[in-house]
Enquirer: 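Below you will find the structure I want to go over with you.
Whatever order the structure lists them in is the order used to number ligands and atoms, beginning at 1.
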Amino acid sequence: MDIPRQEQSLPVGRHRDLAAWWHARRASHTGVALGEVGDLYHHHYGLGTYDPSVLDGPPETRDDRIVDELHRLETAQAMALLDRLGDVTPEDRLLDAGSGRGGTSFLAHERFACRVDGVSVSDHQVDFSNNQARERGCRGKVCFHYRNMLDTGFPDGFYRAVWTNETTMYVDLPALFREFARLLPLGGRYVCVTGCANDALGRRSAAVSRIDRHYICGVHPRSDYFQALAASGLAPIEVVDLTDRAVPYWELRAQSPVRTGIEEAFLTAYGEGSFQYLLIAADRV
Ligand code: GPP
Ligand code: MG
């Protein structure tokens, strides 16, 4: 289908130094082992415990080993999201809403061998990830579009599943879930991984406000997710609090050469319970 480019209409975070760092490092360290996952670019956080030996050993390789370990945890996070997409066949079609530089989309295509579309309001990210698709030999199967996830322009019921990997804090949830409900057929699956404010504790904490300022985003309260899902006919089938599994990534990142200064806010917010890292899988009903 012919896919027109859309004008940028979402607020997006500033271009991040870390992304540039990853790019430069990956481009200039071609001899560095990238692990079994290949050359993937993530704009989300990691999950699981890290190998503490990366903090020891030869100082000249320590930074590279820490960075590779962070990257491994980020890939594990994307895998946990894909685990919840349900039964996806090669004939199905998936949507990555806020696709960044394509990391999760490529992992999805590798796992399910199906067509994957990604949408982003960063034309730089769209160009970057389409080039990646070309290099990876899957340009016809994994396609990135300069489109707004609130108004994708794709047909009704077009996707077997849709996901957002840490992108919902940039948009209005009721509008987003209305669009996803339109894109999914009955029984279609939506999977969300997100950081949210724990409104069971009342007011937003200073640490969560700091995260908002750092990323130029608006972290939503937990209850907003469930209200907006219900309002759009998206019924949760699984809700997982991943907070405990998110903490080690931040502990390692705080000691890494790619720390950005926001690590302490995440560790404080998770530690005091004011911020939670959630996975929500919901079906279109
Ligand atoms: C990546 O941040 C994550 C986001 C941009 C989403 C914001 C998520 C929240 C829960 C607030 P990063 O610091 O790892 O930077 P980069 O995008 O460069 O990897
Ligand atoms: Mg990152």
Enquirer: For atom 6 (C) of ligand 1, which candidate among H44, E263, E166, R259 provides the closest heavy atom?
Expert: E166

Enquirer: Give every residue pair that meets the salt bridge (charged side-chain N to carboxylate O under 4.0 Å, His left out) criterion with at least one member in residues 186-211, sequence neighbours excluded.
Expert: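 As it turns out, the salt bridge (charged side-chain N to carboxylate O under 4.0 Å, His left out) pairs with a partner in residues 186-211, which skip direct neighbours, are R189-D283, R204-D212.
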
Enquirer: Compare N165, I211, V193 and give the one whose heavy atom is closest to atom 11 (C) of ligand 1.
Expert: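 Nearest option to atom 11 (C) of ligand 1, by heavy atoms: I211.
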
Enquirer: Is it true that N165 and Q77 share a donor-acceptor pair across their side chains at a distance under 3.5 Å?
Expert: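 Looking only at side-chain atoms, N165 and Q77 do form a donor-acceptor pair, the distance falling under 3.5 Å.
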
Enquirer: Determine whether the side chains of H42 and T75 contain a donor N or O and an acceptor N or O closer than 3.5 Å.
Expert: yes

Enquirer: Do E74 and Y249 have side-chain atoms, one donor and one acceptor, less than 3.5 Å apart?
Expert: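 Their side chains do contain a donor-acceptor pair, which is all the 3.5 Å distance test asks for.
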
Enquirer: Mind checking salt bridge (Lys or Arg N to Asp or Glu O under 4.0 Å) for E179 and listing every partner two or more places apart, or none if nothing turns up?
Expert: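 Testing E179 for salt bridge (Lys or Arg N to Asp or Glu O under 4.0 Å), a comparison that skips the adjacent residues, returns R182.
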
Enquirer: For H43, is at least one N or O under 3.5 Å away from an N or O on ligand 1?
Expert: yes

Enquirer: For Y215, counting its heavy atoms only, list the atoms of ligand 1 lying under 4.0 Å from any of them.
Expert: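 Going through ligand 1 atom by atom, the ones under 4.0 Å from Y215 are 2 (O), 5 (C), 11 (C), 12 (P), 13 (O).
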
Enquirer: With no hydrogens and no angle check, do the side chains of D244 and Y270 hold a donor and an acceptor under 3.5 Å apart?
Expert: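 D244 vs Y270: no donor-acceptor pair found between side chains.
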
Enquirer: Measure I262 to ligand 1 on non-hydrogen atoms and call it side chain, backbone, both or neither using the 4.0 Å cut-off.
Expert: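 Under 4.0 Å from ligand 1, I262 contributes no heavy atoms.
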
Enquirer: When you measure from the heavy atoms of Y277 to every atom of ligand 1, does any distance fall below 4.0 Å?
Expert: no

Enquirer: Heavy atom under 4.0 Å from ligand 1: found in H42's side chain, backbone, both, or neither?
Expert: backbone

Enquirer: Does R253 come within less than 4.0 angstrom of ligand 1, counting non-hydrogen atoms of the residue?
Expert: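 R253: in contact with ligand 1 (<4.0 Å).
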
